[in-house]
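Single-structure report; data block below.
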Amino acid sequence: MGSGSENGIRENRSITGSGVSGGQSLMEKLGILTDAAKYDVACTSSGSDRRGDGRGIGNAVAAGICHSFSGDGRCISLLKILFTNECIYDCKYCVNRRSNDVPRASFTPEEVCRLTMEFYRRNYIEGLFLSSGILVSPDYTMELLYATLYRLRREYHFQGYIHVKAIPGADAELVRRTGFLADRMSVNLELPTAEGLRRLAPNKHRKNILTPMRQIQTGITRNRQELALYRHAPSFVPAGQSTQMIIGATPETDRQILSVAQSLYDRFGLKRVFYSAFVAVNEDKELPALPGGPPLLREHRLYQADWLLRFYGFRAEELLDEKRPNFNVLLDPKADWALRHLECFPVEVCRADYRLLLRVPGIGVKSAKRIVGARRNSPLRFEDLKKMGVVLKRAMYFITCGGKLLHPFRPDEDFIARSLTAGAGGTKRERELTEGFLLGTEGMTYRQLSLFDDVNFGTPAAGKDILRPSV
């Protein structure tokens, strides 16, 4: 950072010198602003692996995630806070909207730095996730975030992981400077479509959201070229960018949502799209009632489908179409796709290529790689597949091993679907969500679903729909 950056930070200090706090103690602010940050889920693996240089404190670990476990089994976390929950906008779905009567608080850059350093020294956290409401204006808020990161990096010499929000509508130079101080940046898309944004967040505009997203993508691309030529060039957002969409507040189908995610990955090179089930924190006639609670099962299916887009070679248009615009709640998207394409199965695991193996339910990325590597040395058996991590309870209907099936069965959609959905199969999380969907809604009784029911619960007999929220 050159003299321009130093001038910028001096300007920011003058802005924050008057103080943006409201007279609360630091612990009171911390309680308000950590609670206000809980609805922002765009916080995940850092994707950045950087060792400290010995002159500062901390480092960034690629597996570092918020309130979860790393690949080596460590439970690690980030300090996840809003800089302020003051906001000039009045988004209908947001608890921090201007018209809500809620406790308000704002940190100063110095307070955020002190909290981060003290929590890090106590081994509570491995990094910082910093978002914010819009205080005064987008430029003013972005300057405060930049001042915070600048002080944390340059004065406190913190070299740990930092994820910060880019404020839509803020000056491009502020976003650029902040990008050289952060590991990851994100710009929340908020709602899947521009129409939904106009209805529920009239102060926000899709163009203002996509502009910094494009700027960050361009900056990352240029920085990679610079680093290829100059190894010691400063890194710009080395862990990439992410975004978040609220699911269920507006009536988009799963197909529309997944198509938006596919477009974001293709056009902006995002590391991750997050899906946040709509939680009714405000009363407004424009918001859905959702008597069954947040659409958690729908959120879960979207995350599964997103995984297929990013790691399994699927495209959004393969998973859903106009006739099937929503995911089946009883089957994960991969199993549902396989059942609709039985002409591609069974797959002979001793000969099928890697991409085809990835399309088999019960075979993941790791187990597919293990299969490809192991079959070069010796013939495979079903016992070997189980040791490699293949979930045979699911895969057995779609594979052969040495030309043989694990068990004889009737190879039709009806039989396989009944076998896969028996007892609400799948992971523990899937069973909990499915059981909650079928049994947990007040006033709703269990009914036997028909095979391949799209669970398009639009009729009164079908009960309450979490996939197509009423508006």
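Heavy atoms only: backbone and side chains are in, while hydrogens, waters and symmetry mates are out.
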Look up atom CD in Q256 and atom CG in L320, then write down how far apart they are to the nearest 0.5 Å. 11.0 Å
So, applying side-chain hydrogen bond (donor to acceptor under 3.5 Å, both in side chains) with S186, which one of K165, R272, K271 is it? K165
With no hydrogens and no angle check, is any side-chain donor or acceptor of R340 less than 3.5 Å from a backbone partner on L319? yes
Side chain to side chain, T178 and V164, heavy atoms closer than 4.5 Å: yes
Main-chain N/O of W307 paired to Y312 side chain as donor or acceptor, under 3.5 Å: no
What's the shortest heavy-atom distance between V187 and T243, and which atoms? O-OG1, 2.5 Å
Between T250 and E252, is any side-chain donor less than 3.5 angstrom from a side-chain acceptor? yes
Considering all heavy atoms, the nearest C401-L385 contact: SG-CD1, 4.4 Å
Do any N or O atoms from the side chain of Q241 and from the backbone of I216 form a donor-acceptor pair under 3.5 angstrom? no
Euclidean distance, S276 OG relative to F278 CZ, rounded to 0.5 Å: 10.0 Å
Ignoring hydrogens and geometry, is there a side-chain-to-backbone donor-acceptor pair from K334 to V360 under 3.5 Å? yes
Contact check, side chains of Q304 and H300, non-hydrogen atoms, under 4.5 Å: yes
Tell me, do Y93 and P288 make a side-chain contact under 4.5 Å, heavy atoms counted? no
Could you grab the distance from atom NE2 of H163 to atom CZ of F129, nearest 0.5 Å is fine? 4.5 Å
Is there a donor-acceptor pair under 3.5 Å between the side chain of T421 and the backbone N or O of A417? yes
From R206, K204, Q244, residue fulfilling side-chain hydrogen bond (donor to acceptor under 3.5 Å, both in side chains) relative to E190: K204
Between E383 and K386, is there a side-chain N and carboxylate O pair less than 4.0 Å apart? no
So does P234 get a backbone contact from the side chain of N223, meaning a donor-acceptor N/O pair under 3.5 Å? yes
What are the two closest non-hydrogen atoms of P251 and R199, and how far apart are they? CD-NH1, 3.7 Å
Could you tell me whether R410 and D412 have a side-chain N and a carboxylate O separated by less than 4.0 Å? yes
Should the pair R315-D266 be classified as a salt bridge under the 4.0 Å nitrogen-to-oxygen rule? yes
Parallel, tilted or perpendicular: ring planes of W337 versus H341, cut at 30 and 60 degrees: parallel
Donor-acceptor pair, distance only, cut-off 3.5 Å: does the side chain of R214 make one with the backbone of R267? yes
Looking only at heavy atoms, the pair that brings M396 and H407 closest together is CE-CD2, 3.7 Å
Would you mind checking if R153 and D183 are paired as a salt bridge, meaning a charged N to carboxylate O distance below 4.0 Å? yes
Does L128 offer a backbone N or O that forms a donor-acceptor pair with the side chain of Y120 under 3.5 Å? no
Look at the side chain of S263 and the backbone N and O of S259, then say whether any donor-acceptor pair between them is shorter than 3.5 Å. no
Under-4.0 Å salt bridge between D384 and R381: yes
Think R298 forms a cation-pi with F327, using NZ or CZ under 6.0 Å from the six-ring centre and within 45 degrees of its axis? no
Taking N326 for its side chain and T253 for its backbone only, find out whether a donor-acceptor pair lies under 3.5 Å. no
Shortest non-hydrogen contact from L342 to F398? CD2-CE2, 3.9 Å
What's the verdict on ring-ring contact (aromatic ring centres under 6.0 Å, His included) for Y397 and F409, showing C-alpha distance, side-chain angles and the deciding distance? CA-CA 8 Å; Y397 304 105; F409 62 91; 5.2 Å; yes
L189 and L197: which non-hydrogen atoms are nearest, and at how many Å? O-CD1, 4.2 Å
